[in-house]
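Below you'll find the structure, written out as structure tokens, and then a few comments.
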There are 2 protein chains.
Amino acid sequence: MNYEQLLRERDLKVTPQRLGILTLMHQSGHISIEDLYVKISRQFSSISLATLYKNVHAMIETALVKEVKIPNMKSKYEIIKAPHAHLFCTQCGSFEDVTVPMEEIEAMLPHGIQFKPTESSLVYSGICEACQNK
Amino acid sequence: MNYEQLLRERDLKVTPQRLGILTLMHQSGHISIEDLYVKISRQFSSISLATLYKNVHAMIETALVKEVKIPNMKSKYEIIKAPHAHLFCTQCGSFEDVTVPMEEIEAMLPHGIQFKPTESSLVYSGICEACQNK
DNA sequence: AAGTTAAGAAACAATTTTTATCTTTTACCT
DNA sequence: AGGTAAAAGATAAAAATTGTTTCTTAACTT
Ligand SMILES: [Mn+2]
Ligand SMILES: [Mn+2]
Ligand SMILES: [Zn+2]
Ligand SMILES: [Zn+2]
């Protein structure tokens, strides 16, 4: 994936810190601010938490990154891709994507309701396969 | 609704502050901590924010109250009731319940996926009826 | 390639949000 | 009514987030 281009398209300067943030986000799939800070600090020992927050926010505002809110958990951040839902294992804490047709989810609103959804957030909490086999 | 009983069933002492919190939550349907603090302070001018947090947490841990996380918004809290989804208007900020069969939502996980959902969180973001007619 | 400039990084301070600790008060059980 | 443990109030502390100022660098202009 070409992060330089993604940043340039959004008029965000390409800095090593930003490339590092995006690389880490991509590698872990979903990552919390604190985990991101621990990992990015290994590459840029002098990076400040403020820089991290500012960058993540800039990326959210330009629709490059998305905050995923999870019941009873700290938020995680991911690089935006096709709409999808998430599986959160309440036993081991694993968190991953799952492909669910979000248009169908949106079609399940009761008839007669006038609300026009533009986006929806769906997190399934439960027990993952690995935890079931224990 | 009998809040005294709901508290007693959970071995939480019935205090005027707790009854006030539950009443406000019920009246507004969903409320943020800060709004709750503003309103509860009118009844109990000396109540501390720490008391509010402690109580809300105690109620969450005993499954009387639930935190609802909303994309790009502060969390709101509601008294637990039958599973349902939420509509969030990105224009006016209105936030309300919508009845969606959550079992069907859970049945939409791809076949072959072993994950066993116990609960799911679904928030539709979009434009409410009132905002469409403007 | 060197110079210019405006965005971004770092350092640090300040806010805001949440939790912990301690003392006083109160709900609730004999 | 009296005893006791839980909860409220009052701070203080910790954690999370944002703001400010200065220094550095990416990217544009010659
Ligand atoms: Mn995802
Ligand atoms: Mn609700
Ligand atoms: Zn698991
Ligand atoms: Zn609206």
Side-chain angles (χ1 to χ4, degrees), chain A residues 2-25 31-62 64-77, chain B residues 2-25 31-62 64-77:
Chain A
N2 189 356
Y3 300 130
E4 293 203 14
Q5 192 188 341
L6 292 178
L7 289 168
R8 288 219 172 82
E9 285 170 355
R10 291 164 174 79
D11 293 316
L12 296 176
K13 281 194 179 173
V14 177
T15 68
Q17 290 85 346
R18 285 179 175 168
L19 292 175
I21 289 171
L22 289 170
T23 302
L24 286 172
M25 260 186 204
I31 191 165
S32 68
I33 284 279
E34 54 180 336
D35 286 357
L36 191 49
Y37 184 59
V38 168
K39 292 193 175 176
I40 197 79
S41 294
R42 297 207 263 260
Q43 297 172 49
F44 304 93
S45 54
S46 71
I47 199 172
S48 85
L49 201 43
T51 297
L52 185 53
Y53 273 106
K54 278 180 270 195
N55 278 324
V56 170
H57 261 125
M59 293 176 188
I60 288 174
E61 274 166 9
T62 55
L64 172 49
V65 162
K66 196 168 135 90
E67 177 180 6
V68 186
K69 294 202 174 184
I70 313 164
N72 315 316
M73 288 280 298
K74 297 245 167 82
S75 290
K76 292 182 185 289
Y77 298 83
Chain B
N2 188 355
Y3 300 130
E4 293 203 14
Q5 191 187 342
L6 292 178
L7 288 168
R8 289 222 168 81
E9 286 169 356
R10 291 163 174 80
D11 294 315
L12 296 176
K13 282 191 180 177
V14 178
T15 67
Q17 290 86 344
R18 285 178 174 167
L19 293 175
I21 289 171
L22 289 170
T23 301
L24 286 172
M25 261 186 205
I31 192 165
S32 69
I33 284 280
E34 53 179 339
D35 286 356
L36 190 49
Y37 184 60
V38 168
K39 292 193 174 177
I40 196 80
S41 294
R42 295 197 191 114
Q43 298 173 49
F44 304 92
S45 55
S46 70
I47 198 172
S48 85
L49 201 42
T51 298
L52 186 54
Y53 274 106
K54 277 180 280 191
N55 278 326
V56 171
H57 262 125
M59 291 176 189
I60 288 175
E61 274 165 9
T62 54
L64 172 49
V65 163
K66 195 164 136 81
E67 178 181 5
V68 186
K69 294 201 173 184
I70 312 164
N72 315 317
M73 288 281 297
K74 296 248 167 81
S75 290
K76 292 181 185 290
Y77 299 84

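The nearest whole Å value for the distance from the OH atom in B:Tyr53 to the C1' atom in D:dA7 is 19 Å. Rounded to whole angstrom, the span from the CD atom of B:Glu4 across to the P atom of D:dA7 amounts to 15 Å. D:dA27 atom C1' lies 19 Å from atom CZ of A:Arg10, rounded to whole Å. Atom pair A:Met59:CE and C:dG8:C1' shows a separation of 11 Å (rounding to whole Å applied). If you measure from atom CG of A:Leu52 to atom P of D:dT17, you get 10 Å, rounded to the nearest angstrom. In this entry the distance linking CG of B:Leu7 with C1' of D:dA8 reads 15 Å, nearest Å. One can place CG of A:Asp11 at 11 Å from P of D:dA27, the figure rounded to the nearest angstrom. Taking atom CD of B:Glu61 as the reference point, atom C1' of C:dT18 lies 14 Å away to the nearest angstrom.
A:Ile70 CD1 to A:Ser32 OG: the interatomic distance, rounded to the nearest 0.5 Å, is 9.0 Å. Note: A:Ile40 CD1 to A:Ser45 OG = 11.5 Å, rounded to the nearest 0.5 Å. B:Leu12 contributes atom CG, which lies 5.0 Å from atom CZ of B:Arg18 (distance to the nearest 0.5 angstrom). Between B:Leu24 atom CG and B:Asp35 atom CG the span is 10.5 Å, to the nearest 0.5 Å. The CD1 atom of A:Ile47 sits 13.5 Å away from atom CZ of A:Arg42, with the distance rounded to the nearest 0.5 Å. Between the CG atom in B:Asp11 and the OG1 atom in B:Thr62 there is a gap of 9.5 Å [rounded to 0.5 Å].
Taking the C1' atoms of five terminal pairs at each end of the helix from C:dA1-D:dT30 to C:dT30-D:dA1, the two resulting helix axes are inclined by 40°, rounded to 10°.
Neither OP1 nor OP2 of D:dA7 sits under 4.0 Å from any side-chain N or O of B:Asn55. Side-chain N/O atoms of B:Arg8 include none lying less than 4.0 angstrom from OP1 or OP2 on C:dA27. Within the 4.0 Å cut-off from OP1 or OP2 of C:dA20, not a single side-chain nitrogen or oxygen of B:Lys54 is found.
Scanning all heavy atoms of the two residues, the minimum distance from B:Ile33 to B:Leu52 falls at O-CD2, 3.8 Å. When all heavy atoms of A:Lys13 and A:Leu7 are compared, the pair lying nearest together is O-CD1, 4.3 Å.
Of the residues in residues 12-25 of chain B, those with a non-hydrogen atom less than 4.0 angstrom from any atom of DNA chain C are B:Lys13, B:Val14, B:Pro16. Shown for residues 33-50 of chain B: residues whose heavy atoms fall under 4.0 angstrom of DNA chain C, namely B:Leu49, B:Ala50.
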- Task: Kindly determine whether B:Glu9 and B:Leu6 satisfy side-chain contact (heavy atoms from CB on, under 4.5 Å), including the steps that lead there.
- Result: CA-CA 5 Å; B:Glu9 286 169 356; B:Leu6 292 178; 4.0 Å; yes
- Message: Run the side-chain contact (heavy atoms from CB on, under 4.5 Å) test on A:Ile21 and A:Val65 for me, step by step, so that the C-alpha distance in whole Å, both residues' side-chain angles and the decisive distance to 0.1 Å come before the verdict.
- Response: CA-CA 11 Å; A:Ile21 289 171; A:Val65 162; over 6 Å; no
- Step-by-step side-chain contact (heavy atoms from CB on, under 4.5 Å) determination, A:Leu36 to A:Tyr77: CA-CA 9 Å; A:Leu36 191 49; A:Tyr77 298 83; 5.7 Å; no
